Amino acid sequence: MPNPKNTAAGNEPRYAAIKRHIRQQIESGLWPVHFRVPSENDLAREFQVSRMTARRALTELTDEGVLMRSQGLGTFVAEPVPAGSLLEVRNIADEISARGHSYSNRILLLQECEAAADVARALGMPEGARVFHSIIVHCDNQLPVQWEERFTNPALAPEYLQQDFSATTPNAYLSRVAPLTEADTTVEAIAAKPAIAAALAIETNSACLQIWRRTKSSVGTVSFARLVHPGNRYRLGAQLRF
């Protein structure tokens, strides 16, 4: 009797047969969340196909959010993609904790610098004015889910650089010292450049969701941030009532 793994359904392409097999293993519960799936080489041998065919199956399932890849570690069964809100500004640490997961972060940069023209316009300050600049990678169960670059107005958050952002987040601190009254948000799709890809443990040029956000308090613009999420680890949604 032929091995079902070597028999495509009708004219089903070989990569599609591999995808179907992986989905069946996940849906049956045999491969739970965070299970490490077979490598490209293992799948190529098991299904008697080329490594390129096996790679296509894994890549498409990763793009669809079924699997997640971590450089140097392998490919794993992904959790249901968490959803952020277009209508609310949430603390990412609270989002992660609400899912019952462990929050952590890596501080890549925390310094004072001169505001470039675009940053100065966003903050309503003169070009070259001193601003606080931070870059932090936020992690969900040790998996990077957000790269945050933020420029903050020193006049409204003078002790920003003295904060222990391993114990809190910029969002939590700024919400306390300069309560939010308004936020401008823009969302776009990008391909991850090498530095961001490395920080998020994804491949260069992977699809990402980029959010530009300017937050204001009653006394002025507090910060201007760029938030980058791996496209297969995050989604945005909103609920409107009329």
Side-chain angles (χ1 to χ4, degrees), residues 82-98 103-140 144-190 192-193 195-196 199-200 208-230 234-242:
S85 174
L86 280 170
L87 304 180
E88 298 179 72
V89 178
R90 296 175 179 170
N91 179 7
I92 190 168
D94 292 340
E95 287 186 9
I96 292 171
S97 297
Y103 168 79
S104 60
N105 64 40
R106 299 198 307 273
I107 301 170
L108 304 185
L109 181 71
L110 191 60
Q111 66 176 21
E112 184 176 336
C113 67
E114 292 185 359
D118 57 338
V119 172
R121 284 194 301 271
L123 292 175
M125 303 171 67
E127 184 175 350
R130 307 303 293 181
V131 295
F132 297 147
H133 183 198
S134 60
I135 300 178
I136 299 175
V137 176
H138 302 280
C139 302
D140 180 335
V145 292
Q146 185 189 90
W147 184 91
E148 173 194 313
E149 180 177 27
R150 187 180 297 270
F151 296 91
T152 300
N153 185 341
L156 302 183
E159 298 181 1
Y160 186 84
L161 296 182
Q162 283 71 55
Q163 301 310 302
D164 179 6
F165 287 125
S166 64
T168 187
T169 65
N171 175 281
Y173 168 69
L174 294 175
S175 295
R176 186 171 68 252
V177 301
L180 177 69
T181 59
E182 184 180 340
D184 301 327
T185 301
T186 302
V187 182
E188 59 187 350
I190 65 166
K193 293 184 178 180
I196 293 179
L200 292 174
C208 289
L209 190 67
Q210 179 168 272
I211 302 170
W212 294 97
R213 179 168 288 152
R214 179 172 58 176
T215 55
K216 301 178 181 180
S217 72
S218 59
V219 293
T221 301
V222 179
S223 73
F224 178 54
R226 177 163 66 125
L227 315 173
V228 181
H229 299 265
Y234 200 77
R235 58 189 171 88
L236 281 172
Q239 183 179 27
L240 302 177
R241 292 188 174 89
F242 301 95

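The model shown is predicted, which means the values in this text are computed figures rather than measured ones. Below, each value reflects all heavy atoms present in this structure, side chains not excepted, and no hydrogens, waters or symmetry copies.
Side-chain contact between Thr221 and Asn153 is absent, with no heavy-atom pair separated by less than 4.5 Å. At least one side-chain heavy atom of Ile196 sits less than 4.5 Å from a side-chain heavy atom of Arg226. Within the 4.5 Å cutoff, no side-chain heavy atoms of Asn171 are placed close to those of Ile92. With contacts defined as side-chain heavy-atom distances shorter than 4.5 Å, the pair Lys216/Asp184 qualifies. Residues Ser175 and Asn91 fail the side-chain proximity criterion, which asks for heavy atoms closer than 4.5 Å. Two residues are said to be in side-chain contact when any heavy atoms from C-beta on lie closer than 4.5 Å; Ile136 and Pro170 meet this criterion. A 4.5 Å side-chain heavy-atom check between Glu148 and Thr169 finds every atom pair outside the cut-off. No side-chain heavy atom of Leu110 sits under 4.5 Å from any side-chain heavy atom of Gln163.
To the nearest 0.5 Å, atoms OG (Ser134) and CD1 (Ile107) are separated by 9.0 Å. Considering CG of Asp140 and CG of Asn105, their distance stands at 12.5 Å, rounded to 0.5 Å. To the nearest 0.5 angstrom, Ile135 atom CD1 is 4.5 Å from Leu109 atom CG. For the atom pair Leu123 CG and Phe224 CZ, the distance stands at 7.5 Å (nearest 0.5 Å). Atom NE2 of His229 and atom SG of Cys208 lie 9.5 Å apart (nearest 0.5 Å).
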Exercise. Please walk me through it: do Glu95 and Val145 pass side chain to side chain contact (heavy atoms under 4.5 Å, CB included)?
Worked result: CA-CA 11 Å; Glu95 287 186 9; Val145 292; over 6 Å; no
For this session: Check the pair Glu114 / Glu127 against side chain to side chain contact (heavy atoms under 4.5 Å, CB included), numbers first and verdict last.
Result: CA-CA 8 Å; Glu114 292 185 359; Glu127 184 175 350; over 6 Å; no
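Partner of Phe165 under the ring pair (Phe, Tyr, Trp, His ring centres under 6.0 Å) criterion, chosen from Tyr160, Phe132, Tyr103: Tyr160.
The minimum heavy-atom distance linking Glu112 with Leu161 is given by the pair N-CD1, 3.9 Å. Contact between Glu182 and Leu180 at its shortest, heavy atoms only, is O-CD1, 2.9 Å. Across all their heavy atoms, Val222 and Leu174 have their closest contact at CG1-CD2, 3.9 Å. In terms of heavy atoms, Thr152 sits closest to Ser223 at OG1-CB, 3.9 Å. Among all heavy-atom pairs drawn from Arg106 and Pro144, the shortest one is NH1-CG, 4.1 Å. Closest heavy-atom contact between Ser217 and Pro179: CB-O, 3.3 Å.
In this structure, Glu159 places its CD atom where only 12 or fewer heavy-atom neighbours from other residues, nucleotides or ligands lie under 6.0 Å away.
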